[in-house]
Amino acid sequence: MIAFPKFEGLAPVIALLYPPACTICAVSIRSGEYLCDECEEKAARIVAPFCEKCSEPFEGAIVGPFSCANCAHRTMHFDAAVAACRSRGVVREILHAFKYSRQIYLRHLVARWLRLAMDDERLRGRHFDIIVPVPLHPARQRERGFNQASLLAELLSREISVPWRPLLERIRYATTQTALDRAERLENLHNAFRLRKNANVRDSSVLLIDDVLTTGSTLSECARVLKRAGAHSVYAATAARA
Ligand SMILES: [Zn+2]
Ligand SMILES: [Zn+2]
């Protein structure tokens with residue numbers, strides 16, 4: 001259940017009328033928070049061991065870097081994709097409310113998770129020239145009213161003082177990825193993205209942003225386009241991964 005009001009512009013007024021409540025369970029919380037401590041704790045963080053390339057967690061004891069079977073069998077064009085949380089339970093609920101129910105104020109909470117991903121040792125201390133959000137097809141963006149990746153890129157940009165630019169565009173209107181199997185997803189994504197006119201990423205270190213990593217195919221395709229255009233590295237950060 002989503003308990004917080006939808007209209008962000010009215011938030012100061014509404015906050016006077018209704019004390020702040022947990023987005024998930026509606027108990028009273030401190031102002032400036034989105035979740036109560038109990039719900040916050042249910043957000044499953046990704047902890048080692050995980051695939052050094054795509055951050056797929058591995059259940060069991062592995063010491064040192066390793067690649068998952070998924071990454072061993074195909075080329076992932078990003079240098080590494082880092083996610084803070086598993087896209088399950090509370091996290092999944094928040095991501096869905098943000099993206100599909102237009103609870104746009106939730107970008108602040110999702111951006112906090114994204115910020116946590118930046119603390120991973122593959123990203124921490126690394127220099128980035130530019131933050132690039134994964135684009136939506138213009139028709140999809142019109143339908144949704146916003147691009148969640150752009151909203152997150154904007155917030156992260158302020159936090160880490162790296163400029164963000166929507167340098168990629170999506171030129172193929174893909175059916176929803178979630179309904180497809182892996183082979184279909186790859187076909188669906190082939191040549192789906194291109195660099196915008198006049199965009200220049202030559203010799204740049206790019207940080208690619210999305211809300212969630214599902215199979216990594218979208219991020220990989222975007223990274224492929226950026227690298228073909230001369231980017232010398234492309235790392236990806238997402239708030240969550242499947
Ligand atoms: Zn709660
Ligand atoms: Zn992997």
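Sequence positions, counted from 1, serve as the residue numbers for this chain. Order of appearance sets the numbers: ligands from 1, and atoms from 1 within every ligand.
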message: Can you tell whether the side chains of E221 and R170 come within less than 4.0 Å, N to carboxylate O?
response: no
query: Given atoms SG of C36 and SG of C39, what angle do they subtend at the Zn ion (ligand 1), to the nearest 10 degrees?
result: 100°
field: R74 and S217 side chains, donor-acceptor separation under 3.5 Å
entry: yes
Apex the Zn ion (ligand 2); atoms C51 SG and C54 SG; angle rounded to 10 degrees: 110°
statement: Interatomic distance, CH2@W164 vs CG@L151, rounded to 0.5 Å, equals 7.5 Å
query: Which angle, to the nearest 10 degrees, do you find at the Zn ion (ligand 1) between SG in C22 and SG in C25?
result: 110°
task: Check L109, V110, T238 against L95 for a side chain to side chain contact (heavy atoms under 4.5 Å, CB included) and give me the one that passes.
output: V110
